[in-house]
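One is the number of the first residue; the rest follow in order along the sequence. When a ligand or atom number is given, it counts from 1 through the structure's own listing order.
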Amino acid sequence: MLEIRDIKTTYGKIAALKGVSLDIREGGLTCLLGPNGAGKTTLIWTISGILKAQSGSMKLAGEELAGLKPHQIVEKGVVTVPENRLVFPEMTVKDNLIVGAFSRRKAKGGVEEDLESVLDRFPRLRERANQEAGTLSGGEQQMLAVGRALMARPKILLMDEPSTGLAPIIVEEIFEIIGKLRDEGRTIFLVEQNANLALDYADHFYLLEQGHVTFGGQPGEVDHDELIARAYLGAR
Ligand code: ATP
């Protein structure tokens, strides 16, 4: 669905992505694993248009995304759930969700229905709909960040390390939510350091090391321990 080819992204003279190619397949969960500093967040920011690739292409169902502005990429249906959630802390839960529908302002209507469906999916958000988002727990803020992305009616969800800073039991809960979205047939690209857990849910994975994709496949094809050791990834 999204074909990423030979993407190079730099910060000044520092080359963070040195020619990354991978495929995000339709209706599946593709995981990107890799140690700190490998370039995982840089790739998410490049796909979402916040960082500009120096070269390479990113084709969504054949249509080039490279060079588009972040809001245009969201309008195409590529929507990010950023690391550390980045909810608007002083806005209510409900208003945070409504902001998520902003990208489809041209296609008016359906916002109330989508809001209801997100609140049905996350009853804890419904209970807290009028509460300021900054007062939610970390796990609830992660749910809100996912819900906000769903309000944009994404074709692809890009999730950047949703487990960051959450207690293990909450991480399990977030992964159950991700698993459910995958089971519904959504297309998800998940960046994750918790390789053990990610490999339990992934349909496909890639390993990113020092700005290069060094390995890719299906979880069943590889020795997980070896993969995890190779990437120096944290254990569950
Ligand atoms: P982590 O798992 O720790 O979040 P990551 O795989 O997401 O790591 P990136 O944050 O994408 O890695 O960073 C990739 C490389 O780019 C690193 O070497 C990092 O130091 C460098 N880098 C990231 N942001 C900047 C920046 N704003 N300016 C300069 N270099 C940067």
Using a 4.0 Å cutoff against the non-hydrogen atoms of [X], which atoms of ligand 1 qualify?
X      : value
Pro35  : 6 (O)
Ala38  : 5 (P), 6 (O), 12 (O)
Thr41  : 4 (O), 5 (P), 7 (O), 10 (O), 11 (O)
Thr42  : 9 (P), 11 (O), 13 (O), 14 (C)
Glu161 : 2 (O), 4 (O)
Lys40  : 1 (P), 2 (O), 5 (P), 6 (O), 7 (O), 8 (O), 11 (O), 12 (O)

Give the intermediate values and the outcome of side chain to side chain contact (heavy atoms under 4.5 Å, CB included) for residues Asp114 and Arg153. CA-CA 9 Å; Asp114 288 1; Arg153 294 192 180 171; 2.8 Å; yes
Contact bool for atom 20 (O) of ligand 1 (protein heavy atom, d < 4.0 Å):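 Not a single protein heavy atom is under 4.0 Å away.
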Going by a strict under-4.0 Å cutoff (protein heavy atoms only), does atom 29 (C) of ligand 1 have a neighbour on the protein?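 Given the 4.0 Å cut-off, atom 29 (C) of ligand 1 counts as touching protein heavy atoms.
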I'd like the name of whichever of Gly37, Gly12, Gly211 reaches closest to atom 14 (C) of ligand 1 through any heavy atom.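 Considering heavy atoms of Gly37, Gly12, Gly211, the nearest to atom 14 (C) of ligand 1 sits in Gly37.
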Pair [X], [Y]: side-chain N/O donor-acceptor within cut-off below 3.5 Å:
X      : Y      : value
Thr214 : Glu209 : yes
Tyr11  : Thr42  : yes
Asn194 : Glu161 : no

Which residue and atom name correspond to the protein heavy atom nearest atom 3 (O) of ligand 1, and how close is it?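 Checked against all protein heavy atoms, atom 3 (O) of ligand 1 sits closest to Asn36 OD1, 2.9 Å.
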Who's the nearest protein heavy-atom neighbour of atom 24 (N) of ligand 1, and how far?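 Nearest protein contact, heavy atoms only, for atom 24 (N) of ligand 1 is Tyr11 CZ, 3.3 Å.
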Under a 4.0 Å N-O cut-off, is there an ion pair linking Glu3 with Lys59?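 Not counted as a salt bridge, because no side-chain N and carboxylate O are separated by less than 4.0 Å.
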Is the backbone N or O of Glu192 less than 3.5 Å from a side-chain atom of Lys40, with the two atoms forming a donor-acceptor pair by type?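 Such a contact is absent between Lys40 side chain and Glu192 backbone.
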For Gly39, state whether at least one heavy atom is located under 4.0 Å from any atom of ligand 1.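 So Gly39 counts as touching ligand 1.
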Quickly, which of Ile4, Asp160, Leu22, Thr80 forms a side chain to side chain contact (heavy atoms under 4.5 Å, CB included) with Phe189? Name it, please.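 Passing option: Leu22.
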So that I know where these two stand, are Tyr201 and Phe175 an aromatic pair - ring centroids less than 6.0 Å apart?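 Here the rings of Phe175 and Tyr201 have centres that are less than 6.0 Å from each other.
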